[in-house]
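Not measured: the values here are computed from a predicted model.
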Amino acid sequence: MSGGRPAAAATSSASTPSTRPRPSRRPAAAHRRHRPAVPFVFNATQEEVDEARTAYGLAVSGTRVVVSRRHQTTIGLLQLTAAPGGKVTYHRVRTLDLPSTFPLPDGTTWSPCGEPGELPQIEGMVVDRGTLYAAQEDVGIWRLRADLTGRPALMDKVKEFGRQDTYDPATEECLPGQDRGYGGSHLSADAEGLTIYQDGDDGYLLASSQGDDTFAVYDRDDNDHLAQFRVGPGARADGAEVSDGAMVTSASLGGAYPEGLLVVHDGADAPGMVIGR
């Protein structure tokens with residue numbers, strides 16, 4: 001990459017098995033007593049919120065917020081507004097459903113493997129100069145207008161795109177199927193966090209390729225793929241594996257980071273090394 005290169009640091013979190021939130025057993029009256037101070041983004045009932053079928057990923061641009069919904073392909077646009085008492089609330093402007101089924105060159109259609117009733121969700125998102133980039137974990141990176149109008153374009157696909165995996169209820173995992181060669185070359189599922197490195201009018205879009213513990217680098221203007229890098233282990237910390245995402249800035253943060261800073265999530269604390277104080 002041209003221009004200044006920000007320093008990198010990793011933040012660690014121990015890996016734990018995912019658990020499905022249990023439905024709330026509170027009576028209806030209790031739900032009424034715990035109504036939120038702001039309206040639901042996607043949900044119709046408190047029970048849906050308790051089951052975690054609610055907002056998931058989030059990107060902010062000025063006074064507008066884009067959110068995705070867990071286990072669905074829906075993204076929503078919210079407008080932040082002032083509320084009495086010096087508080088902030090919001091109203092929903094519009095929603096958009098990204099595809100969950102895709103046509104393939106051989107004339108068939110493909111849907112990513114997942115647990116029954118779950119669709120390929122969107123998590124990592126970032127807004128840059130009126131454009132929203134949204135990472136659909138098992139599909140790839142979408143580029144669309146940040147106001148959720150117009151036609152979304154699939155900017156890059158994960159390597160597993162088009163591979164018909166099979167869900168195994170015993171393990172609650174998807175067993176890999178045959179690779180038919182319809183996937184991309186740079187992202188290994190899941191496609192996760194997105195962040196923008198600004199270098200004047202130029203810059204880069206960074207995307208977490210969670211499946212192979214790398215980050216893909218795209219040109220900020222034409223979205224061409226430029227490079228792939230990995231945050232490896234150092235003297236005081238292990239590398240970044242199974243990363244959910246990153247945040248980068250090109251602003252000077254003082255003597256230690258004069259050209260900016262890249263902070264990445266580390267989803268596997270191995271071999272148990274953390275940054276010292």
Side-chain angles (χ1 to χ4, degrees), residues 18 42 53 55-59 66-77 95-128 131-146 148-167 172-196 205-218 223-225 228 242-246 265 267:
S18 59
F42 300 114
R53 291 185 283 151
Y56 195 55
L58 182 147
V66 182
V67 293
S68 65
R69 188 176 186 184
R70 188 170 184 254
H71 298 327
Q72 301 293 317
T73 66
T74 305
I75 51 179
L77 177 64
T95 61
L96 173 71
D97 290 332
L98 290 174
S100 60
T101 302
F102 303 85
L104 297 177
D106 63 1
T108 63
T109 58
W110 170 76
S111 296
C113 177
E115 293 191 24
E118 296 182 0
L119 298 178
Q121 65 189 10
I122 297 92
E123 182 173 358
M125 297 185 293
V126 66
V127 175
D128 181 41
T131 296
L132 170 68
Y133 296 97
Q136 194 171 13
E137 294 179 341
D138 297 313
V139 177
I141 300 174
W142 292 91
R143 180 183 64 240
L144 62 155
R145 290 173 56 96
L148 304 190
T149 62
R151 187 179 180 87
L154 190 55
M155 188 191 94
D156 202 359
K157 297 178 290 188
V158 297
K159 298 174 184 178
E160 298 82 0
F161 186 94
R163 192 181 75 183
Q164 196 56 69
D165 300 347
T166 303
Y167 179 73
E172 297 186 343
E173 299 289 344
C174 289
L175 304 178
Q178 181 182 2
D179 186 354
R180 293 182 282 177
Y182 298 138
S185 302
H186 314 119
L187 298 170
S188 182
D190 292 350
E192 289 282 347
L194 306 175
T195 186
I196 296 288
L205 168 68
L206 308 183
S208 173
S209 173
Q210 190 179 74
D212 61 5
D213 302 329
T214 67
F215 291 84
V217 183
Y218 301 90
N223 299 145
D224 284 348
H225 179 264
Q228 208 84 8
V242 199
S243 179
D244 275 330
H265 167 259

So, for [X] and [Y], which heavy atoms are closest and what is the spacing to 0.1 Å?
X    : Y    : result
F215 : S243 : CZ-OG, 3.5 Å
M125 : L58  : CE-N, 3.6 Å
N223 : Y133 : ND2-OH, 3.0 Å
A216 : L187 : CB-CD2, 4.0 Å
D138 : C113 : OD2-O, 4.1 Å
I122 : A134 : CG2-CB, 3.9 Å

Atom pair [atom1]/[atom2] of [X] and [Y] - distance to nearest 0.5 Å:
X    : Y    : atom1 : atom2 : value
E118 : R70  : CD    : CZ    : 7.0 Å
T195 : D128 : OG1   : CG    : 10.0 Å
T109 : L104 : OG1   : CG    : 7.0 Å
L96  : R151 : CG    : CZ    : 11.0 Å
I75  : D97  : CD1   : CG    : 8.5 Å
Y56  : H71  : OH    : NE2   : 7.0 Å

Any side-chain heavy atom of [X] within less than 4.5 Å of one from [Y]?
X    : Y    : answer
D244 : Q210 : yes
V158 : P112 : no
E160 : S188 : yes
I141 : H186 : no
Y167 : E172 : yes
K159 : D212 : yes
E137 : Q121 : yes
T73  : P120 : yes

(request) Can you sort out the partners of D165 under side chain to side chain donor-acceptor pair (under 3.5 Å), two or more places apart, ordered by chain and number? (result) R163
(request) Quickly, which of L154, L132, T149 forms a side-chain contact (heavy atoms from CB on, under 4.5 Å) with L144? Name it, please. (result) L132
(request) Mind running side-chain contact (heavy atoms from CB on, under 4.5 Å) on S209 and Q228 for me, showing each step along the way? (result) CA-CA 9 Å; S209 173; Q228 208 84 8; 4.2 Å; yes
(request) Mind running side-chain contact (heavy atoms from CB on, under 4.5 Å) on L194 and L205 for me, showing each step along the way? (result) CA-CA 7 Å; L194 306 175; L205 168 68; 4.1 Å; yes
(request) Could you pull out all residues at least two apart from F161 that satisfy ring pair (Phe, Tyr, Trp, His ring centres under 6.0 Å)? (result)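 Only F102, W110 meet the ring pair (Phe, Tyr, Trp, His ring centres under 6.0 Å) criterion with F161.
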N/O donor-acceptor pair under 3.5 Å between [X] side chain and [Y] backbone:
X    : Y    : result
Q136 : P99  : yes
D190 : E192 : no
D213 : V242 : yes

(request) Identify, with sequence neighbours excluded, every residue that meets side-chain contact (heavy atoms from CB on, under 4.5 Å) alongside Q72. (result)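 In terms of side-chain contact (heavy atoms from CB on, under 4.5 Å), with neighbours along the sequence ignored, Q72 is linked to R69, T74, L119.
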(message) Does either side chain, that of H225 or that of D156, offer a donor lying less than 3.5 Å from an acceptor on the other one?
(response) no
